[in-house]
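Presented below is the structure to which this report refers.
All heavy atoms count here, side chains included; hydrogens, waters and symmetry mates do not.
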Amino acid sequence: MKQVFKVFLMAVAHLAIFILGATSGIIHPACYAYIGALLPLLSAFVYLITAATIRNFGAATALNGFILVLFLIAGEADIAFVIGIVALTALAEIIRFLCKYDTRKGVRWSFVPLALSFFPYTMHWWTDTESSLAAAREEMPAGYDELMKPVIDNVPMLIVVLVLAIPVAILAMRLAEKVLKKQSAVLK
């Protein structure tokens with residue numbers, strides 16, 4: 001029961017990281033679009049604790065599954081988000097299976113796709129631009145949609161940020177392993 005509670009707390013922490021990323025758009029639309037490259041610096045700690053607790057199938061599924069269910073209930077999950085988060089979660093679980101569930105290597109490499117999990121949430125800007133701009137006109141301060149347009153049009157920057165998220169994820173997991181020695185020690 002203690003392990004279930006710990007995983008639930010980590011899922012809530014994962015949700016808090018998503019909310020932090022989503023609300024960063026208040027600062028500027030570029031923050032919302034690109035913050036996903038920095039969120040692994042926080043989510044690595046959550047994932048390491050979860051993976052050390054669930055040393056078989058389910059660490060990535062527990063975290064992203066919690067997000068998916070809540071976002072579906074809240075009406076925040078469009079088709080791009082659902083497909084993206086399911087694909088990244090499946091990839092994380094497959095990598096962890098192939099590298100062995102109880103190894104640091106498995107946790108490290110499976111974290112890379114999990115670290116990209118915020119990007120499917122922002123993908124609606126590129127997959128449904130007109131609706132995203134219309135929603136911004138309705139929900140955000142005047143002129144926010146005009147700030148969004150150059151961010152959306154800058155696809156090369158999106159690609160750079162997606163690629164940058166990979167070394168950030170690797171570095172973040174190494175940092176998490178150094179800080180969370182007890183959790184890291186249970187893995188081979």
Side-chain angles (χ1 to χ4, degrees), residues 9-50 60 62-89 92 111-176 179-180:
L9 284 179
M10 291 302 102
V12 170
H14 191 57
L15 173 64
I17 293 167
F18 258 75
I19 292 170
L20 175 68
T23 58
S24 70
I26 293 169
I27 300 166
H28 190 277
C31 294
Y32 174 79
Y34 306 138
I35 193 80
L38 297 177
L39 293 179
L41 294 169
L42 299 173
S43 59
F45 293 88
V46 171
Y47 186 62
L48 180 57
I49 293 168
T50 305
L63 297 176
N64 277 351
F66 185 72
I67 297 288
L68 180 59
V69 168
L70 290 179
F71 281 33
L72 284 168
I73 291 168
E76 287 290 315
D78 64 0
I79 193 71
F81 174 72
V82 172
I83 291 170
I85 202 159
V86 168
L88 289 170
T89 304
F111 178 64
V112 172
L114 187 87
L116 300 173
S117 294
F118 185 75
F119 288 106
Y121 182 65
T122 63
M123 272 303 117
H124 62 93
W125 278 17
W126 291 271
T127 59
D128 192 8
T129 301
E130 290 308 313
S131 293
S132 297
L133 291 171
R137 284 194 272 311
E138 184 179 305
E139 300 168 6
M140 301 302 282
Y144 192 85
D145 60 320
E146 295 301 320
L147 293 172
M148 283 173 59
K149 193 72 174 115
V151 174
I152 294 169
D153 291 340
N154 194 353
V155 174
M157 183 61 169
L158 174 65
I159 293 167
V160 167
V161 170
L162 282 166
V163 171
L164 177 65
I166 295 168
V168 170
I170 293 166
L171 175 70
M173 184 51 70
R174 293 294 178 126
L175 179 63
V179 173
L180 300 172

Minimum heavy-atom distance between L48 and L180, given as atom pair plus value: CD2-CB, 3.9 Å
Return the minimal non-hydrogen interatomic distance between A60 and A92, and the atom names on each side. CB-CB, 3.8 Å
Determine yes or no for a side-chain-to-main-chain donor-acceptor pair under 3.5 angstrom, with S132 supplying the side chain and H124 the backbone. yes
Is it true that D153 and K149 have a side-chain N and a carboxylate O under 4.0 angstrom from each other? yes
With rounding to the nearest 0.5 angstrom, report the CE to CG distance, M140 to D145. 10.5 Å
For A11 and A62, work out which heavy atoms get closest and say how close. CB-O, 4.3 Å
Rounded distance [0.5 Å steps], CG in L20 versus CZ in F118: 8.5 Å
Parallel under 30°, tilted from 30 to 60°, perpendicular over 60°: which one fits the rings of F71 and F18? perpendicular
What is the minimum heavy-atom distance between A165 and A37, and which atoms define it? CB-CA, 3.9 Å
Atom pair CD1 (I152) and CG (N154), whose distance is rounded to the nearest 0.5 Å: 11.0 Å
In short, L72 meets A77 closest at the heavy-atom pair CD2-CB, 3.7 Å
Pair Y144, E139 - check side chain to side chain donor-acceptor pair (under 3.5 Å), show working. CA-CA 9 Å; Y144 192 85; E139 300 168 6; over 6 Å; no
Nearest 0.5 angstrom please: N64 CG to L114 CG, how far? 5.0 Å
Report yes if the side chains of P120 and I83 come closer than 4.5 Å at any heavy-atom pair, otherwise no. no
For a quick test of reading the model, state the closest non-hydrogen atom pair linking F45 to L41 and the distance between them. CE1-O, 3.2 Å
Between S131 and D128 (side chain of the first, backbone of the second, donor and acceptor by atom type, cut-off under 3.5 Å), is there such a pair? no
Can you find a pair of side-chain heavy atoms, one from W125 and one from P29, that are under 4.5 Å apart? yes
L133 backbone acceptor or donor facing R137 side chain under 3.5 Å: yes
Taking it one step at a time, do T23 and I19 satisfy side chain to side chain contact (heavy atoms under 4.5 Å, CB included)? CA-CA 6 Å; T23 58; I19 292 170; 4.1 Å; yes
To the nearest 0.5 Å, tell me how far L158 CG sits from F119 CZ. 7.0 Å
Could you give me the CA-CA distance, side-chain angles and deciding distance for F81 and D78, then say whether side chain to side chain contact (heavy atoms under 4.5 Å, CB included) is met? CA-CA 5 Å; F81 174 72; D78 64 0; 3.2 Å; yes
Report yes if the side chains of M148 and Y32 come closer than 4.5 Å at any heavy-atom pair, otherwise no. no
First locate atom CD1 of I17, then atom OG of S43, and finally report the distance between them rounded to the nearest 0.5 Å. 5.0 Å
Under the criterion side chain to side chain contact (heavy atoms under 4.5 Å, CB included), I'd like the reasoning laid out for H14 against F66: C-alpha separation, chi angles, the key distance, then a yes or no. CA-CA 9 Å; H14 191 57; F66 185 72; over 6 Å; no
Please lay out, stage by stage, how V151 and H28 fare under the test side chain to side chain contact (heavy atoms under 4.5 Å, CB included). CA-CA 10 Å; V151 174; H28 190 277; 4.3 Å; yes
